[in-house]
*Asks:* 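A single structure is presented below for examination.
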Amino acid sequence: MLDEQEGEFSEKILPWKEKFEADKWKALYGIGARFDENPLLFFELRGIDVGRFVDVTLANCVESMLENADAPSERIINDDH
């Protein structure tokens, strides 16, 4: 149960099952707030070196773009007036 005025879960007396559900929602809210503060935490928690991950991803994108550099594209604007 969310207390609209306080902006957090109220501590009203709840049956055990509802209280347990409220506690799970509190935990999920806290985890989400941490990811909002630091989105890279998702990768760090999995042991991924974020700097290396970005470098490899960019290198792969550049390689892919260079492979297709000579291919004709429909997006080229012709100067034929």
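Just so you know, residue 1 is the first one in the sequence shown, and it goes up from there. Just so it is clear, the values below take in all heavy atoms, side chains as well, and ignore hydrogens, waters and symmetry mates.
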*Asks:* Just list the side-chain donor-acceptor pairs under 3.5 Å for residues 47-58, sequence neighbours left out, or say none.
*Replies:*
unit_1 : atom_1 : unit_2 : atom_2 : d
D49    : OD1    : G51    : N      : 3.4
T57    : OG1    : F53    : O      : 2.8

*Asks:* Go through the structure and list residues passing side chain to side chain contact (heavy atoms under 4.5 Å, CB included) with L45, not counting sequence neighbours.
*Replies:*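 Residues passing side chain to side chain contact (heavy atoms under 4.5 Å, CB included) with L45: F35, L41.
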*Asks:* Quick test of your reading: applying ring-ring contact (aromatic ring centres under 6.0 Å, His included), list the pairs with at least one residue in residues 55-76, sequence neighbours left out, ordered by first then second residue.
*Replies:*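 Not a single pair qualifies under ring-ring contact (aromatic ring centres under 6.0 Å, His included).
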*Asks:* State yes or no: do I31 and Y29 share one hydrophobic cluster built from I, L, V, M, F, W and Y residues joined by side-chain heavy-atom distances below 4.5 Å, directly or via other members?
*Replies:*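 Different hydrophobic clusters.
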*Asks:* Output the rest of the hydrophobic cluster of V62: all Ile, Leu, Val, Met, Phe, Trp and Tyr residues reachable through side-chain heavy-atom contacts under 4.5 Å, sorted by chain and number.
*Replies:*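 Other cluster members: L66.
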*Asks:* Donor-acceptor check, side chain of R34 to backbone of G30, threshold 3.5 angstrom: yes or no?
*Replies:*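 Absent.
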*Asks:* Please collect all ring-ring contact (aromatic ring centres under 6.0 Å, His included) contacts where either partner lies in residues 56-77, sequence neighbours excluded, each pair once.
*Replies:*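 For residues 56-77, and leaving out neighbouring residues, there are no ring-ring contact (aromatic ring centres under 6.0 Å, His included) pairs at all.
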